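Owing to the predicted nature of the structure, the values given are computational and were not obtained by experimental measurement. We name chains A, B, ... by the order of the sequence lines, and we start the count at 1 in each one.
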2 protein chains.
Amino acid sequence: MSESAIRPRKEFGKTIAADITHRLREEIIACGLPPGEPLRFDVLRERFGASFTTLREALTALAAEGLVDAQEQRGFRVAPVSRQDLMEVTDARVLIEVELIRRSIERGDDDWEIAVISTLHRLKRIEQRDPEHPLRDPEWKIAHRQFHQALVSACGSATLLAIRAELFDRAERYRHLSANFRPRPRDKAGEHQAIMQAAISRNADLAVQLIETHIRSTADNVATYAAHLLDTE
Amino acid sequence: MSESAIRPRKEFGKTIAADITHRLREEIIACGLPPGEPLRFDVLRERFGASFTTLREALTALAAEGLVDAQEQRGFRVAPVSRQDLMEVTDARVLIEVELIRRSIERGDDDWEIAVISTLHRLKRIEQRDPEHPLRDPEWKIAHRQFHQALVSACGSATLLAIRAELFDRAERYRHLSANFRPRPRDKAGEHQAIMQAAISRNADLAVQLIETHIRSTADNVATYAAHLLDTE
DNA sequence: AACGGTATGATTTTCGAAAATATTGGTTTG
DNA sequence: CAAACCAATATTTTCGAAAATCATACCGTT
């Protein structure tokens with residue numbers, strides 16, 4: 001009765017299109033498909049084993065998320081990067097994330113506190129294993145995402161959470177872009193710890209200030225160490 | 001040499017998919033396709049004269065915009081409406097639009113001022129023609145959208161403008177929802193005039209306050225007069 | 001009657017061929 | 001020599017048939 005003993009066709013989501021969307025998104029965020037790269041159907045067809053129209057559906061969805069650039073009649077390409085875009089994404093993230101943190105601190109219940117504490121705990125455990133290269137560890141990526149997600153999860157607005165998620169993905173791509181050139185990770189562990197404590201103790205002003213610094217300094221780092229990739233576009 | 005003397009295939013955009021996306025969006029916003037309505041391919045195929053896959057692409061794009069609800073393996077339907085969703089959209093709009101107005105007032109140049117003044121002028125001209133039922137006039141809809149678009153157009157962030165546009169569409173659908181039951185339009189003309197004056201005179205605090213009131217009172221109106229459509233979902 | 005399973009029909013989802021459009025390279029013309 | 005034109009090729013876009021999946025109604029059993 002096992003759905004597929006050999007090789008599951010759909011690892012994520014029920015439809016192939018949703019699955020391809022997910023896999024393509026991951027690859028673009030991780031810069032496995034570099035910014036600006038043309039996305040030709042022949043190549044994608046071979047790589048992902050799906051037909052034209054299914055791929056087209058996935059690319060259309062990613063275009064709406066801002067990770068893919070659709071040029072009508074001239075195909076798709078990975079969304080290019082630029083200093084301007086990095087700045088816009090950073091600003092938008094600050095605007096929205098700050099608001100969502102405030103609302104979460106205002107409204108969060110016991111479950112919210114537990115989620116914040118436990119996701120941070122897992123993040124720290126993973127960081128202990130390999131403190132040098134966290135961004136290369138896919139588990140760290142997931143845990144990091146889940147901690148930040150937990151912080152805002154009690155805000156009460158699915159609409160704003162969806163927007164936040166898109167911006168988070170776009171920002172994460174920039175982090176990956178500079179990861180190979182960044183000499184050493186900042187003291188993220190300490191920052192995360194401080195943010196957690198401010199949130200749990202319901203100190204909204206402090207939490208907001210820490211989050212804003214966290215977001216902006218990450219972006220500054222990217223702008224510094226990926227400068228050669230941002231100016232030549 | 002005319003591209004199509006009989007009947008243009010693509011009225012908007014270069015690809016059929018983009019064209020269908022546009023037409024479907026308009027219909028959903030205008031509630032020609034009512035909230036919750038199942039979107040069956042047979043029906044759409046006949047109505048829009050496109051094939052399965054093309055329609056699928058359009059529906060996928062609209063799902064990413066929040067106007068369509070994709071239920072994997074069970075097709076698509078027009079996104080349902082609810083009091084909660086209306087509230088979320090309203091809150092998100094206030095958060096973003098307020099910020100964009102501030103930035104536009106800060107950065108807007110002569111061209112921006114001209115755009116604000118001229119779009120308002122056109123809006124008023126159209127309102128004079130038929131002051132009773134502005135929302136039913138498609139020209140009023142376009143002019144109204146363009147005035148609000150002009151106000152924020154100088155904010156400098158394409159990212160936030162795209163988010164704003166999606167939220168505007170979702171809000172406009174709610175306005176249409178209640179349009180048939182609203183006894184009389186509020187004094188929108190006066191409100192628009194006041195917003196324009198505050199913006200042009202670079203009174204950011206006043207403009208922001210007027211916009212917030214404008215958005216929230218519109219939403220309150222919808223919640224009142226479309227109550228029977230919002231609670232039974 | 002209630003429940004569970006199964007066949008049947010309806011609907012979505014996927015595919016690869018075919019049509020439409022863009023790009024490239026070569027040829028001619030001014 | 002540059003520009004404009006055209007042909008040949010590469011690529012995207014669209015289509016409808018076929019496969020996969022879901023919903024419904026029917027039937028037998030408890």
Side-chain angles (χ1 to χ4, degrees), chain A residues 1-25 28 33 36-64 67-80, chain B residues 1-25 28 33 36-64 67-80:
Chain A
M1 285 299 184
S2 101
E3 193 189 312
S4 148
I6 306 164
R7 187 171 174 279
R9 187 74 183 277
K10 307 161 191 170
E11 303 178 9
F12 177 88
K14 285 187 183 176
T15 66
I16 295 182
D19 190 45
I20 304 268
T21 305
H22 183 252
R23 285 165 58 194
L24 259 171
R25 186 190 293 116
I28 291 173
L33 293 166
E37 177 99 339
L39 295 166
R40 298 242 169 67
F41 284 100
D42 290 340
V43 181
L44 296 177
R45 207 141 160 283
E46 190 159 354
R47 165 115 70 138
F48 292 97
S51 72
F52 295 111
T53 39
T54 305
L55 287 165
R56 189 154 237 282
E57 188 183 327
L59 291 172
T60 302
L62 293 172
L67 290 174
V68 158
D69 187 23
Q71 307 161 287
E72 293 197 339
Q73 304 285 26
R74 309 207 294 123
F76 298 82
R77 60 175 178 165
V78 180
Chain B
M1 285 299 181
S2 100
E3 194 191 311
S4 150
I6 307 163
R7 187 172 174 278
R9 186 73 184 278
K10 306 160 189 169
E11 303 178 10
F12 176 89
K14 284 187 183 175
T15 66
I16 295 182
D19 190 45
I20 304 270
T21 305
H22 183 252
R23 286 164 58 194
L24 258 171
R25 186 189 293 116
I28 291 173
L33 293 166
E37 177 99 339
L39 295 165
R40 298 242 171 68
F41 284 101
D42 290 340
V43 181
L44 297 177
R45 205 138 162 284
E46 189 159 355
R47 166 116 69 138
F48 291 97
S51 72
F52 295 111
T53 40
T54 305
L55 286 165
R56 189 154 235 282
E57 188 183 328
L59 291 172
T60 303
L62 292 172
L67 289 173
V68 158
D69 187 22
Q71 307 161 288
E72 294 198 337
Q73 304 285 27
R74 310 209 291 122
F76 298 82
R77 59 173 178 166
V78 179

For A/Ala50, does its backbone N or O pair with a side-chain atom of A/Thr54 as donor and acceptor, under 3.5 Å? no

Starting at the 5' end of DNA chain C and moving along, which residue's nearest nucleotide shows up first, B/Phe41 or A/Thr54? B/Phe41

Between C1' of D/dA10 and CZ of A/Arg45, the distance in whole Å: 15 Å

Mind checking if B/Leu59 touches a base, just sugar-phosphate, or nothing, with heavy atoms under 4.0 Å? nothing

Take the protein atom CD1 of B/Ile16 and the nucleotide atom C1' of C/dA20, then report the distance between them rounded to whole Å. 9 Å

Geometric cation-pi criterion B/Arg45 and B/Phe52, 6.0 Å radius, 45° cone: yes

If I take atom CZ in residue A/Phe52 and atom C1' in nucleotide C/dA18, what distance separates them, rounded to the nearest angstrom? 11 Å

In whole angstrom, give the distance that lies between atom CG of A/Asp42 and atom C1' of C/dA22. 15 Å

Grab the CG-P distance between A/Leu44 and D/dT12 for me, whole Å please. 8 Å

What is the distance from CZ of B/Arg56 to C1' of C/dT12, rounded to the nearest Å? 7 Å

Measuring to OP1 and OP2 of D/dT21, would you say a side-chain N or O of B/Arg74 lies under 4.0 angstrom away? no

Candidate list A/Leu24, A/Val78, A/Ile28, test side-chain contact (heavy atoms from CB on, under 4.5 Å), partner A/Val68, passing option: A/Ile28

Using a 4.0 Å heavy-atom cut-off across all strands, classify B/Phe76 as base, sugar-phosphate, or nothing. sugar-phosphate

Please report the distance, rounded to the nearest Å, between CG in B/Leu55 and P in D/dC15. 9 Å

Between B/Phe48 (CZ) and D/dC15 (P), how many Å, whole number? 14 Å

A/Glu72 side-chain N/O to B/Lys14 backbone N/O, donor-acceptor pair under 3.5 Å: yes

